[in-house]
Amino acid sequence: MATPYNHRAVEQKWRKMWEEHPINVNDGKKEKYYCLDMFPYPSGNGLHVGHWRGYVISDVWSRYKLMQGYYLIHPMGWDAFGLPAENYAIKMGTHPAVTTAENVANIKRQINEIAAIYDWDMEVNTTDPAFYKWTQWIFVQMFKKGLAYEKEMPINWCPSCKTGLANEEVVNGCCERCGSPVTKKNLKQWMLRITKYADRLLKDLDQLDWPEKVKKMQTDWIGKSYGAELDFQVENSDKAITVYTTRPDTLYGATFMVLAPEHAMAKELATPEQKEAVEQYIFNASMKSSVDRLQDKEKTGVFTGTYAINPLNGAKVPIWLSDYVLADYGTGAIMCVPAHDDRDFEFAKKFGLPIIQVIAKDGKEVEDLTEAYTEPGIMINSGAFNGMDSNEAKEKVPDMLEKKGLGKKTVNYKLRDWVFSRQRYWGEPIPIVHCPDCGAVPVPEDQLPLLLPDVESYQPTGTGESPLADITEWVNTTCPCCGKPAKRETNTMPQWAGSSWYFLRYVDNKNDKELVSREKADKYLPVDMYIGGVEHAVLHLLYSRFYTKFLYDIGVVDFEEPFHKLFNQGMITGKNGIKMSKSKGNVVSPDDLVRDYGCDSLRMYELFVGPPELDSEWDDRGIDGVYRFISRFWKMVQENAGKDVPETKELVKLRNKLVYDITTRLESFSLNTVISGFMEYNNKLVELTKTTGVDRTTLMTAVQLLAPFAPHIAEELHQVLGGEGSVFAEGWPTYDEAAMKDDEKEIVCQVNGKTRTVIKLPADVSKEDALAAAKAALGSKITGTIIKEIYVPGRIVNIVQK
RNA sequence: GCGGAUGUGGCGGAAUGGCAGACGCAUCAGACUCAAAAUCUGACGGGGGCGACCUCGUGAGGGUUCAAGUCCCUCUAUCCGCACCA
C-alpha cells in the first residue's frame with residue numbers, strides 16, 4: 001500500500017542528502033553552462049513570492065542544463081553597498097554593516113527554502129574588502145586610461161537621499177530610489193567616460209540574444225543621431241555660435257536661433273537694453289527643477305538683443321534664450337526652422353517670429369502653415385538648392401559649409417557620461433588622493449583595498465560632502481607621488497560599481513592577485529543565461545556592458561559582451577495588478593506556503609501562475625491545484641512501482657510524446673504550459689493505472705522530467721523506482737519521433753468550414769480514401785453542389801458546397 | 001506625442017492558419033462518511049431544442065482565405081518604456 005505524500009518528510013530527507021552529496025560535480029570534461037541570477041540587495045523586508053519566481057525560473061533552467069550534462073555555474077551573492085541598504089540602516093538607527101549582515105543572513109535563509117542549487121563556495125558580497133579591492137582597482141585602471149575624470153558641473157541631485165545621481169537614475173525627473181523630485185546642484189564630480197563606448201555599446205547589441213524590448217531601450221538611451229555642426233557668426237563680433245542640427249537641409253528656413261539659458265555665451269550676448277530680462281530669465285531657469293522643466297510644456301524665452309548670421313545665405317537671425325534647449329546635448333544651441341520643426345513652430349508662433357517654408361508640402365508652398373511639416377521633400381526658397389530632394393541636401397549643405405570652414409557633419413548621442421560620485425557613506429571609497437602639487441593621484445594598487453573607515457555618524461550631510469569628509473585622520477594623508485601632505489577623495493562609488501562586474505568574480509572569488517584569473521575567465525565566462533527583472537534595462541545592464549568592454553580592452557577578459565542571453569521575468573503583483581509592497585499590505589510571503597504545501601508545490605505554482613515573461617496576479621488558492629497534482633503523481637507512481645507492468649506500444653508512444661512536449665515547451669521557456677503538460681499526462685497515466693498499468697521506464701522518464709521542477713519528490717520517486725544515486729545523474733530523457741507516430745488520426749470533417757463530425761482514419765490514408773470516408777460520414781449533411789474539397793493530411797477535410 | 005506589450009468563460013490561462021476555452025482555480029451535483037475535512041465521479045461561455053443536435057461567441061469594425069483568437073487594414077481600452085535630444 002502506497003504511503004500518502006508527506007512533503008515535509010520528503011523534502012527534509014533530500015535536503016540533507018544533497019548537502020552530503022552535491023549533485024553538480026565538475027569532472028573537467030563537461031562543457032560549462034553559466035546561469036546567472038541578478039543578485040539581490042539585502043533589504044530588510046525579505047523575499048516575497050515575486051522574488052521567488054525569478055529564482056525558481058533560473059533554478060529550473062539550471063537543473064535542466066545540469067541534466068543535459070553541462071558543468072553548471074549557478075552562483076549567488078549580495079549587492080550590499082548603496083542607498084537601499086544605507087537608508088534602511090539609518091531608519092533602524094544601526095550601522096549599515098550590521099543591518100547588511102543581518103539582512104544577508106535572513107535572505108540567505110529564505111533563498112535556501114527555494115532549494116536552488118547555488119554553489120555557495122562562489123558567493124560574493126560587494127561590501128567585502130576582498131571584493132571591493134577589485135571594484136577600486138577597476139576605477140584606478142579607468143583613471144589611468146583617462147576614462148575616469150573630475151568635472152565640476154550642475155548634476156542631478158536628490159534632496160532626500162542627499163546625493164548626486166547619474167542620468168540613468170533619474171526617472172521622470174524623480175530619484176529612481178526614493179521618488180523625490182530631482183534638483184540640480186553644482187558639484188565637482190568623478191565621471192566615467194561611458195560615452196567613449198557609445199558606438200560599441202550600440203553596435204554590439206546585434207549579437208545579443210536579448211528581448212527586443214531591452215535592446216530597443218538601450219538603443220534609445222544611447223540615442224545616436226546623424227547631423228551637422230554649423231557656425232553662425234555673431235553680428236558685430238568675432239565670435240561664432242556653433243549649433244547642432246539633424247536637418248542642415250532646412251538651413252534656408254532658419255529664422256532665429258535659441259541657446260540654452262546655461263550656454264556659456266548666454267549672458268555676454270545680451271545687449272544693454274536686454275541685460276536685465278536676460279539675467280532674470282537665466283536665474284529663473286536655474287531655479288526650475290527637472291520635474292518643472294519636464295511639465296512646463298508652454299514655451300518661454302527671452303530675446304538677447306543680438307543677431308547672428310546664417311552661414312549659408314547671410315540672413316540676420318535674432319538670438320533667443322529658452323529652456324526648451326538642453327545645455328548638455330549637442331552644443332547647447334540650435335538653429336530654429338519653425339516651418340519644419342514642431343517646437344520651433346510653437347516658439348515662433350508664441351513670439352511672433354517669421355516662418356519660412358523651405359520644403360514643399362504636397363509639392364507646393366503652403367500659405368499660413370498651421371503646423372510644422374517635418375517630412376522630407378523637395379526644396380523651395382533655398383537658392384541654389386531649389387528643386388533638390390531634401391535628403392540629398394542634408395549631405396550637400398554641410399559639405400559645402402565645410403569647404404568654407406563653417407561646419408561639418410557629425411554624430412551625437414543622448415548618452416551622457418556617468419556621474420560616479422556619491423556623497424554617501426555606504427559605498428566603496430574612490431581610491432584617489434588629491435595633492436596640491438600632483439593633482440589627483442590614484443592610490444597605489446598594492447595599497448588596495450582602500451578600506452571604508454568605520455564612523456560614528458554615517459548620515460548624509462546634505463552639503464554636497466560625503467560623511468567621510470569629517471574623518472580628518474582618514475582624509476589627511478600623504479601624496480603617493482611626492483610624499484607631501486594631501487587629502488583623500490571623500491566621495492564613494494554608486495551601488496552600480498560592484499554590480500557592474502560581480503558576475504566575473506564568482507568564478508574566481510578567492511583570488512587575491514587578480515580580479516579573475518585569465519585561465520578561469522576563459523574557461524567559465526561569459527554568462528550564458530541571465531535572468532532578472534526588466535527594471536535594469538538601461539542601468540545595470542548598460543553599465544555591465546561598459547565595464548566588460550573596458551576589461552576586454554585592458555586584457556582582463558577575452559569577450560566583449562557579458563551576458564549572451566537575457567530573460568526578463570514578469571512581476572508578481574497583488575490583487576488587481578498592484579505591486580507588492582509593505583505599505584500596501586499586499587505582500588505574500590513564501591514562508592507559510594512552503595510550510596503548508598512544501599517547496600516543490602510552491603516552485604511549480606510559481607511557474608503555473610502564468611507565462612514567465614508577463615506580470616501575473618498572485619492568488620494563493622491556485623496552489624491547491626499543484627499540490628493535488630503532486631499528490632496524484634506520487635500515488636500513481638507508487639501504485640505502479642511494484643507491478644512490473646510490461647511495456648506496450650501505446651505506453652512507448654505516450655512516453656515519447658511526454659518527453660517531446662515537456663522538452664519543447666521548456667526549450668521555448670513556456671514554463672506555465674510545462675506544468676499543465678505534466679498535469680495532462682498525469683491524468684492519462686492515472687487512467688492507465690486503472691487498466692493496464694504503467695511500465696517502469698515510463699514512470700522513470702516522467703520522474704526525470706519532473707526533476708528540475710520538483711526536485712525533492714523526483715529524487716524520492718526515483719529511489720522508489722529503484723534508481724541508483726541521484727535522479728539528476730540520469731540525464732535528460734530523449735524522444736524518438738518515429739515512436740510518437742499515431743497509426744490512426746482523428747480527422748475533422750467540415751462542411752463550408754463548420755465542423756460536422758469527426759472520424760478516425762489510418763495515418764497513411766490516401767487523399768481519395770480520406771475524402772470518400774469523410775463524405776460518407778457527412779452523408780446528408782452535404783446538401784448542395786460540391787465546388788471544392790480540401791484535405792489536410794492527418795487533420796481535416798473541408799467540403800465546400802454551394 | 002513616439003515606441004512596445006496586452007485584451008479569450010466567474011477567475012488564472014491554453015491553442016505550428018485547421019474541432020476555441022487544454023490545464024488549473026472557484027462553483028454546483030453525486031459517491032464515500034453519523035457528520036465534516038480529505039478523496040473520487042460528473043456538470044460547468046451565451047441562446048434554442050425532449051432529443052441525436054442547431055446557433056451565436058476570442059475588445060470594436062472591415063478585409064484576405066475552403067478555414068482567422070492567430071495574417072492584413074482602421075479603431076478602442078489598459079499597462080509599460082521614452083519624452084522639448086533639434
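Each chain gets a letter, A, B and so on, in the order its sequence line appears, and its residues count up from 1.
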Would one find a side-chain N or O of [X] under 4.0 angstrom from OP1 or OP2 of [N]?
{"X": "A:Y324", "N": "B:rA86", "answer": "no"}
{"X": "A:R756", "N": "B:rU55", "answer": "yes"}
{"X": "A:R632", "N": "B:rC40", "answer": "yes"}

| query | Partners of A:S225 by side-chain hydrogen bond (donor to acceptor under 3.5 Å, both in side chains), sequence neighbours excluded? | reply | A:Y244, A:Y329
| Using purine N1 to pyrimidine N3 plus N6-O4 or O6-N4 for Watson-Crick, or N1-O2 and O6-N3 for G-U wobble, each under 3.5 Å, what pairs with B:rG42? | B:rC28
| Under 3.5 Å on both distances, the Watson-Crick or G-U partner of B:rA77 |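 Answer to the pairing question: B:rU6, which forms a Watson-Crick or G-U pair with B:rA77.
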| field | Pairs flagged by salt bridge (Lys or Arg N to Asp or Glu O under 4.0 Å) wherever residues 744-761 of chain A is involved - sequence neighbours left out | value | none
| task | Look at the side chain of A:D323 and decide which nucleotide, out of B:rC84, B:rA86, B:rA26, has an atom nearest to it. | result |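 Comparing B:rC84, B:rA86, B:rA26 against the side chain of A:D323, the answer is B:rC84.
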| field | Closest to side chain of A:V800, choosing from B:rC66, B:rA83, B:rC84 | value |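 In terms of side-chain proximity for A:V800, the closest of B:rC66, B:rA83, B:rC84 is B:rC66.
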| Integer angstrom distance from the P of B:rC19 to that of B:rU58 |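 It works out to 16 Å between them.
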| said: Strictly under 4.0 angstrom, non-hydrogen atoms only: write out the protein contact profile of nucleotides 17-23 of chain B, one letter per nucleotide from the 5' end, B, S or -. | reply: -BB--BB
| query | Considering residues at least two apart in sequence or located in another chain, which fulfil the salt bridge (charged side-chain N to carboxylate O under 4.0 Å, His left out) criterion with A:D619? | reply |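 Result, salt bridge (charged side-chain N to carboxylate O under 4.0 Å, His left out) vs A:D619: A:R621.
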| field | Set of salt bridge (charged side-chain N to carboxylate O under 4.0 Å, His left out) partners for A:R53, sequence neighbours left out | value | none
| request: Have a look at A:K215 and say if it touches a base, only the backbone sugar-phosphate, or nothing, with a 4.0 Å heavy-atom cut-off. | output: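 No contact.
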Every protein N/O lying under 3.5 Å from an N/O of nucleotides 3-11 of chain B:
from, atom 1, to, atom 2, distance (Å)
B:rG3, O2', A:K216, NZ, 3.4

